[in-house]
Amino acid sequence: MEEKIMTATKGKYKTIVYFICTVAALGGLLFGLDQGFIANALPTIEKVYKFGLKGGELYSAILATGGIIGALLSGIFARLLGRKKSLVFAGFIFTAASAYSAMLPPIAILSACRFSLGFAVGIASFIVPLYLSETAPAKIRGSMGTLFQLMITIGIFLISLTNVFIAKFFVNPATSLPLMFLTISFFAAFMFAGAFMLPESPRWLMLKGRKDETLLVLKKTLNTQEEIDLEVKEIEETLHNRKEAGIGIIFKGYFFKVLVVGILLQIFQQLVGINMMIYYAPEIFGYAGITGLLAMMTVPTVNMLFTFPAVYLVEKWGRKKLLYIGAAMMFITMLAAGLAFKSIGCVTDPSMISGTPKMVLLISVIVYIFGFAASWGPVVWLVCSEIFPLEGREVGMTITTMVNWTFAGIVMANSLTFMQKCGNSSIFFVFAGFCILAIIFVAMFVPETKGITLEEIEFNLKNGKKLRELGNH
Ligand code: BGC
């Protein structure tokens, strides 16, 4: 019966293809749920645990530490356990760690749970795109890849919204905080159960020499024998040509060059300050006397809505144009937000602050998030998946993902204390400075990778073309 449902053909693709994409996309959703959890939960967490500003920052940032370790080990899990079991494992950690947090354990255990959630996010952020690209039919691979990024922003939006409502309707923090954690467990349980039912990636099965099982999976996902034969041939050719490099590849000059580009792209993606906004917008708005739904929902809503145009513009305008426009928008708005805070100065009662700086701050944040969501958010991940030669793609993406989490953690762990120590406006000027550096870096070193095959990029790289010309035909 299950077999029948799984292989039923729906429109162009079999039902199982949609099922695969949905379950895998849940991995992106959970990434977003954990990333967006803090913003509207922090006051409730504070009421229960009372760990103060620094403690709150550290609790938020420990997700990133888990993410770094998860990303580091995910390549090993992907190879040894296989893609499916790694997803089941991540789904289990997501479910268990959020459900355990709902029991409001002592701080050390609660932090260990958040570390584990980060660990699962690290695994999911590596395995989900890999699994999708290996299992979804070729024609929808690209759109499924962008679906992952969209799901992250939808997750951030969803958890921000549910946390607002939970906090409003359940005023007792001992009730509302468990409910907030259980919301994550709810979606995680779907991913966990769904991952069990996924087929293994045909490419991984072939890698392990299990051709019979590969054929069984392909029979479930593809429509005709012709498609199956073609896919098997393609996989065999790739495996034949692909000598998976180890970590030693970083010492090869051509690889090192693109690795530095990927690393710097990820560093700048974080040092333009996005996660200060994703995590602490309600606090920052609060310093300027903006409270309520506006403070809690502006960032996640704009972030989600403006990821949609990026999916289209990235192919129409190209990656670099978006990076320039995005960084310029973020520079101007960070400057404006900093000036708004400067004009506010030190006030003891934020409700006395006049309308103009509030308005400037609000508009700046909206345009800033728009700038990020439509450019640096999706484009950096995309370029990092395009610039590495095939044999070192896993190594390159693991390292750049770890760098992303490291710098995300630095921003999460220090933004609010930096504001407290150096004045509210200071951090905005620092981030504005990084936007300028980011523009210079893009102009000098980043290639335009629109409309060129990955093989051509690799050919150019190995033939000594300049970094910024790697995308030229
Ligand atoms: C970044 C995350 C950020 C998210 C916001 C991603 O591209 O890597 O750090 O929280 O975008 O949407």
Notebook entry, point to check: Is any NZ, NE, NH1 or NH2 atom of the basic residue among Arg83 and Glu134 found under 4.0 Å from an Asp or Glu carboxylate oxygen of the other?
Noted result: yes

Check: Quick check: are there more than 12 heavy atoms from other residues, nucleotides or ligands sitting under 6.0 Å from OH of Tyr49?
Finding: yes

Notebook entry, point to check: In terms of side-chain geometry, is the basic nitrogen of Arg210 or Glu200 positioned less than 4.0 Å from the acidic oxygen of its partner?
Noted result: no

Note to self: Tell me whether Tyr368 contacts the main-chain N or O of Ile274 through its side chain, where contact means a donor paired with an acceptor under 3.5 Å.
What the structure shows: yes

Margin query: Please determine whether side-chain contact (heavy atoms from CB on, under 4.5 Å) holds for the pair Thr162 and Met180, giving the CA-CA distance in whole Å, both sets of side-chain angles, and the decisive distance to 0.1 Å.
Written below: CA-CA 8 Å; Thr162 51; Met180 290 174 179; over 6 Å; no

Item checked: Nearest-0.5 Å distance, NZ of residue Lys321 to CD1 of residue Ile325 -> 6.5 Å

Check: Quick check: does any side chain N or O of Lys220 sit under 3.5 Å from a backbone N or O of Lys14, one acting as donor and the other as acceptor?
Finding: no

Next item on the list: Specify the closest pair of heavy atoms between Ala78 and Leu130, including all atoms of both residues, with the distance to one decimal.
Entry: CB-CD2, 4.2 Å

Checklist line | Residue from Ile267, Val261, Ile263 passing side-chain contact (heavy atoms from CB on, under 4.5 Å) with Leu265 | finding: Val261

Check: Looking only at heavy atoms, which two atoms of Ser98 and Leu117 are closest? And how far apart?
Finding: N-CD2, 4.1 Å

Next item on the list: Starting at CE of Met329, measure out to CG of Leu322 and round the result to the nearest 0.5 Å.
Entry: 10.5 Å

Notebook entry, point to check: Regarding Asn414 and Glu57, is there a side-chain donor-to-acceptor distance under 3.5 Å anywhere?
Noted result: no

Next item on the list: Take Phe119 and Thr65 through the side-chain contact (heavy atoms from CB on, under 4.5 Å) test and state the conclusion after the steps.
Entry: CA-CA 8 Å; Phe119 186 73; Thr65 316; over 6 Å; no

Item checked: Non-hydrogen side-chain atoms of Phe434 and Gln270 separated by less than 4.5 Å -> no

Next item on the list: Can you measure from CG (Leu87) to CD1 (Ile127) and round to the nearest 0.5 angstrom?
Entry: 6.0 Å

Note to self: Contact between Phe157 and Met297 at the side-chain level, heavy atoms closer than 4.5 Å - yes or no?
What the structure shows: yes

Item checked: Lys358 atom NZ, over 12 foreign heavy atoms within 6.0 Å -> yes

Next item on the list: First locate atom CD1 of Ile353, then atom CD1 of Ile344, and finally report the distance between them rounded to the nearest 0.5 Å.
Entry: 4.5 Å

Next item on the list: Answer yes or no: is there a side-chain heavy-atom contact under 4.5 Å between Leu33 and Thr183?
Entry: no

Note to self: I need the minimum non-hydrogen distance between Leu198 and Lys84, along with the two atoms involved.
What the structure shows: O-NZ, 2.7 Å

Check: To the nearest 0.5 Å, what is the distance between SG (Cys422) and CZ (Phe429)?
Finding: 12.5 Å

Margin query: Please check: side-chain N/O of Trp376 versus main-chain N/O of Gly326, any donor-acceptor pairing under 3.5 Å?
Written below: no

Margin query: In the structure I gave you, are the side-chain heavy atoms of Lys450 and Glu315 within less than 4.5 Å of one another anywhere?
Written below: yes

Next item on the list: Kindly determine whether Leu264 and Phe441 satisfy side-chain contact (heavy atoms from CB on, under 4.5 Å), including the steps that lead there.
Entry: CA-CA 8 Å; Leu264 284 172; Phe441 163 69; 3.5 Å; yes

Check: What is the minimum heavy-atom distance between Cys113 and Ser101, and which atoms define it?
Finding: CB-OG, 3.2 Å

Item checked: Considering all heavy atoms, the nearest Ala310-Pro378 contact -> CB-CG, 3.6 Å

Check: Can you list the steps and then say if Trp405 with Leu72 is a side-chain contact (heavy atoms from CB on, under 4.5 Å)?
Finding: CA-CA 11 Å; Trp405 280 108; Leu72 176 68; over 6 Å; no

Item checked: Results of ring pair (Phe, Tyr, Trp, His ring centres under 6.0 Å) for Phe77 - residues two or more places apart only -> Phe89

N/O donor to acceptor pairs below 3.5 angstrom from side-chain atoms of residues 19-32, sequence neighbours left out:
| residue | atom | partner | partner atom | Å |
| --- | --- | --- | --- | --- |
| Thr22 | OG1 | Tyr18 | O | 2.6 |

Next item on the list: Any chance you could lay out the salt bridge (charged side-chain N to carboxylate O under 4.0 Å, His left out) test for Glu386 and Arg393, step after step, and finish with the verdict?
Entry: CA-CA 9 Å; Glu386 294 173 327; Arg393 199 159 291 154; over 6 Å; no

Notebook entry, point to check: Would a line drawn from the ring center of Phe181 to the ring center of Phe37 be shorter than 6.0 Å?
Noted result: yes

Notebook entry, point to check: Parallel, tilted or perpendicular for Phe190 and Phe186, by the 30°/60° rule?
Noted result: perpendicular

Next item on the list: For residues Thr44 and Ile166, determine if any side-chain heavy atom of one lies less than 4.5 Å from a side-chain heavy atom of the other.
Entry: no

Notebook entry, point to check: With a 4.5 Å limit on heavy-atom distance, are the side chains of Phe285 and Val365 in contact?
Noted result: yes

Check: Say you draw a straight line from SG of Cys435 to CZ of Phe331; how long is it, rounded to the nearest 0.5 Å?
Finding: 8.0 Å

Next item on the list: Would you check if there is a donor-acceptor pair between the side chains of Gln149 and Thr307 at a distance under 3.5 Å?
Entry: no

Notebook entry, point to check: Is the closest side-chain heavy-atom distance between Ser116 and Phe94 below 4.5 Å?
Noted result: no

Note to self: I'd like to check Leu416 versus Tyr287 (side-chain heavy atoms, cut-off strictly below 4.5 Å). Are they in contact?
What the structure shows: yes

Next item on the list: Kindly determine whether Phe196 and Phe192 satisfy ring pair (Phe, Tyr, Trp, His ring centres under 6.0 Å), including the steps that lead there.
Entry: CA-CA 7 Å; Phe196 260 116; Phe192 179 46; 5.2 Å; yes

Item checked: For Tyr131, ring pair (Phe, Tyr, Trp, His ring centres under 6.0 Å) partners two or more places apart -> none

Margin query: When you measure from the side chain of Arg114 to the backbone of Tyr59, do you find a donor-acceptor pair of N or O atoms at a distance under 3.5 Å?
Written below: yes

Check: Ser160 and Asn40: which non-hydrogen atoms are nearest, and at how many Å?
Finding: O-ND2, 3.1 Å

